[in-house]
Amino acid sequence: QVQLVESGGGLVQAGGSLRLSCAASGNIFSIGRMAWYRQAPGKQRELVASVTGGGNTNYADSVKGRFTISRDNAKNTMSLQMNSLKPEDTAVYYCYAVVSYSGSSFQYWGQGTQVTVSS
């Protein structure tokens, strides 16, 4: 099967930077849309940023100008560069990807990584 493994989460002070990475492995023919979601305690999971296979990106209004999503198709990886972090960015961040194999496409989620931004 396919696994999405995240790394890079941690504790950072407000105004600081953090880079999250997601690596896809397993039986992969191709990866379509990839995205980062986040979920704070007691709140609904929300889309942070997404990137298509062709490189088109989309960002939530709350992170525009601060976060940058990118992908490396050769390595089956995706990253999220987070700058000027704010306490309200504190959440569990999840990697999402649409993976094609065996003639079909499937949706996968990473295990989540905690990002905590202190005041």
Side-chain angles (χ1 to χ4, degrees):
Q1 280 291 327
V2 175
Q3 290 186 352
L4 303 180
V5 180
E6 303 176 0
S7 61
L11 175 65
V12 65
Q13 293 184 343
S17 298
L18 207 59
R19 183 177 183 270
L20 305 182
S21 296
C22 174
S25 62
N27 186 24
I28 300 172
F29 177 77
S30 64
I31 303 177
R33 177 181 293 271
M34 302 185 78
W36 290 97
Y37 287 77
R38 68 186 181 187
Q39 186 168 25
K43 294 187 177 181
Q44 188 176 24
R45 187 173 299 187
E46 65 174 349
L47 176 66
V48 178
S50 64
V51 56
T52 67
N56 292 325
T57 59
N58 179 263
Y59 297 91
D61 289 340
S62 59
V63 307
K64 286 182 179 178
R66 300 188 298 120
F67 291 9
T68 302
I69 189 171
S70 61
R71 64 189 290 167
D72 187 332
N73 291 334
K75 298 180 179 180
N76 288 334
T77 59
M78 175 181 64
S79 66
L80 183 69
Q81 179 64 48
M82 304 185 293
N83 298 325
S84 302
L85 283 163
K86 305 175 181 179
E88 49 262 46
D89 294 319
T90 296
V92 177
Y93 284 70
Y94 296 91
C95 175
Y96 167 90
V98 178
V99 181
S100 296
Y101 63 93
S102 299
S104 299
S105 296
F106 305 88
Q107 300 177 73
Y108 285 90
W109 292 91
Q111 77 284 358
T113 184
Q114 177 71 47
V115 172
T116 302
V117 184
S118 62
S119 301

S.K.: So, for Ala40 and Ala91, which heavy atoms are closest and what is the spacing to 0.1 Å?
M.R.: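 The pair with the smallest heavy-atom distance is N-CB, 3.8 Å.
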
S.K.: Apply side chain to side chain contact (heavy atoms under 4.5 Å, CB included) to Trp109 and Cys95, showing your working.
M.R.: CA-CA 6 Å; Trp109 292 91; Cys95 175; over 6 Å; no

S.K.: Can you measure from CG (Asn76) to CZ (Arg71) and round to the nearest 0.5 angstrom?
M.R.: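 So the gap between those two atoms works out to 8.5 Å.
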
S.K.: Quick one: CD on Gln81 to OG on Ser21, what's the gap to the nearest 0.5 Å?
M.R.: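 OG of Ser21 is found 9.0 Å from CD of Gln81.
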
S.K.: Do Met78 and Ile69 touch side chain to side chain, with heavy atoms closer than 4.5 Å?
M.R.: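 Sidechains of Ile69 and Met78: in contact.
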
S.K.: Provide the closest heavy-atom pair for Thr90 versus Val117 in the form atom of the first, atom of the second, distance.
M.R.: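 Closest approach of Thr90 to Val117: OG1-N, 2.9 Å.
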
S.K.: At their closest point, which heavy atom of Ala49 faces which heavy atom of Tyr59, and how far apart are they?
M.R.: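 Shortest heavy-atom separation between Ala49 and Tyr59 comes out as CB-CD2, 3.6 Å.
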
S.K.: Assess the side chains of Arg19 and Ser17: does a donor N or O sit below 3.5 Å from an acceptor N or O?
M.R.: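 No donor-acceptor contact under 3.5 Å links the two side chains.
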
S.K.: Is the number of heavy atoms from other residues, nucleotides or ligands within 6.0 Å of CD (Gln3) greater than 12?
M.R.: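 Not more than 12 within 6.0 Å, no.
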
S.K.: Taking all atoms of both residues into account, what is the closest heavy-atom pair of Leu20 and Gly9, and its distance?
M.R.: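 Minimum heavy-atom separation between Leu20 and Gly9: CD2-N, 3.6 Å.
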
S.K.: What pairs with Asp89 under side-chain hydrogen bond (donor to acceptor under 3.5 Å, both in side chains), at least two apart in sequence or on another chain?
M.R.: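 side-chain hydrogen bond (donor to acceptor under 3.5 Å, both in side chains) list for Asp89, sorted by chain: Arg38, Arg66.
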
S.K.: So how far is it from Lys64 NZ to Thr57 OG1, rounded to the nearest 0.5 Å?
M.R.: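 Taking NZ in Lys64 and OG1 in Thr57, the distance rounds to 10.0 Å.
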
S.K.: Rounded to the nearest 0.5 Å, what separation is found between the OG atom of Ser30 and the OH atom of Tyr101?
M.R.: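 Those atoms lie 12.0 Å apart.
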
S.K.: What heavy-atom pair brings Gly10 and Leu18 nearest, and what distance separates the two atoms?
M.R.: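 So the two residues come closest at N-CD2, 3.9 Å.
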
S.K.: In terms of ring plane angle, is the pair Tyr96 and Tyr37 parallel, tilted or perpendicular, where the classes change at 30° and 60°?
M.R.: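 Taking Tyr37 first and then Tyr96, their aromatic rings stand perpendicular (interplane angle over 60°).
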
S.K.: In this structure, are over 12 heavy atoms from other groups packed under 6.0 Å from Gln13 atom CD?
M.R.: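 At most 12 heavy atoms, drawn from other residues, nucleotides or ligands, come within 6.0 Å of this atom.
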
S.K.: Take atom CZ in Phe106; do more than 12 heavy atoms of anything else shown fall under 6.0 Å from it?
M.R.: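 Above 12, so yes.
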
S.K.: Quick one: do Asn27 and Ser102 satisfy side chain to side chain contact (heavy atoms under 4.5 Å, CB included)? Show the steps, please.
M.R.: CA-CA 9 Å; Asn27 186 24; Ser102 299; 3.9 Å; yes

S.K.: Going from OG1 on Thr113 to CG on Leu80, what distance comes out if it is rounded to the nearest 0.5 angstrom?
M.R.: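 Interatomic distance, Thr113 OG1 to Leu80 CG, rounded to 0.5 Å: 11.5 Å.
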
S.K.: So, using side-chain hydrogen bond (donor to acceptor under 3.5 Å, both in side chains) as the criterion, who are the partners of Ser105 when residues are at least two apart?
M.R.: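 Ser105 satisfies side-chain hydrogen bond (donor to acceptor under 3.5 Å, both in side chains) with Ser100 once adjacent residues are dropped.
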
S.K.: I'd like to know whether Val115 forms a side chain to side chain contact (heavy atoms under 4.5 Å, CB included) with Met82, so could you lay out the CA-CA distance, the side-chain angles of the two residues, the decisive distance to 0.1 Å, and finally the verdict.
M.R.: CA-CA 10 Å; Val115 172; Met82 304 185 293; 4.0 Å; yes

S.K.: Honestly curious: do Val51 and Val98 fall in one hydrophobic cluster under the side-chain, below-4.5 Å linking rule?
M.R.: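 Per the 4.5 Å side-chain linkage, Val51 and Val98 are not co-clustered.
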
S.K.: Once you round to the nearest 0.5 Å, how far does OH of Tyr93 lie from CD of Glu6?
M.R.: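 Reported to 0.5 Å precision, the distance equals 11.5 Å.
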
S.K.: Should Tyr94 and Val99 be regarded as members of a common hydrophobic cluster, given that ILVMFWY residues are connected when their side-chain heavy atoms come within less than 4.5 Å of each other, either directly or indirectly?
M.R.: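 Tyr94 and Val99: separate clusters.
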
S.K.: Do Leu47 and Val92 land in one hydrophobic cluster if side-chain heavy atoms of ILVMFWY residues count as linked below 4.5 Å?
M.R.: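 Linked within one cluster.
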
S.K.: Could you tell me if Thr116 and Gln114 have a donor-acceptor pair between their side chains, going purely by distance under 3.5 Å?
M.R.: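 Short answer, yes.
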
S.K.: Hydrophobic clusters here meaning ILVMFWY residues chained together by side-chain heavy-atom distances under 4.5 Å, can you tell me if Tyr108 and Met34 are in one?
M.R.: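 Yes.
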
S.K.: Can you name the ring pair (Phe, Tyr, Trp, His ring centres under 6.0 Å) partners of Phe67, sequence neighbours left out?
M.R.: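 With sequence neighbours excluded, Phe67 shows a ring pair (Phe, Tyr, Trp, His ring centres under 6.0 Å) to no residue whatsoever.
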
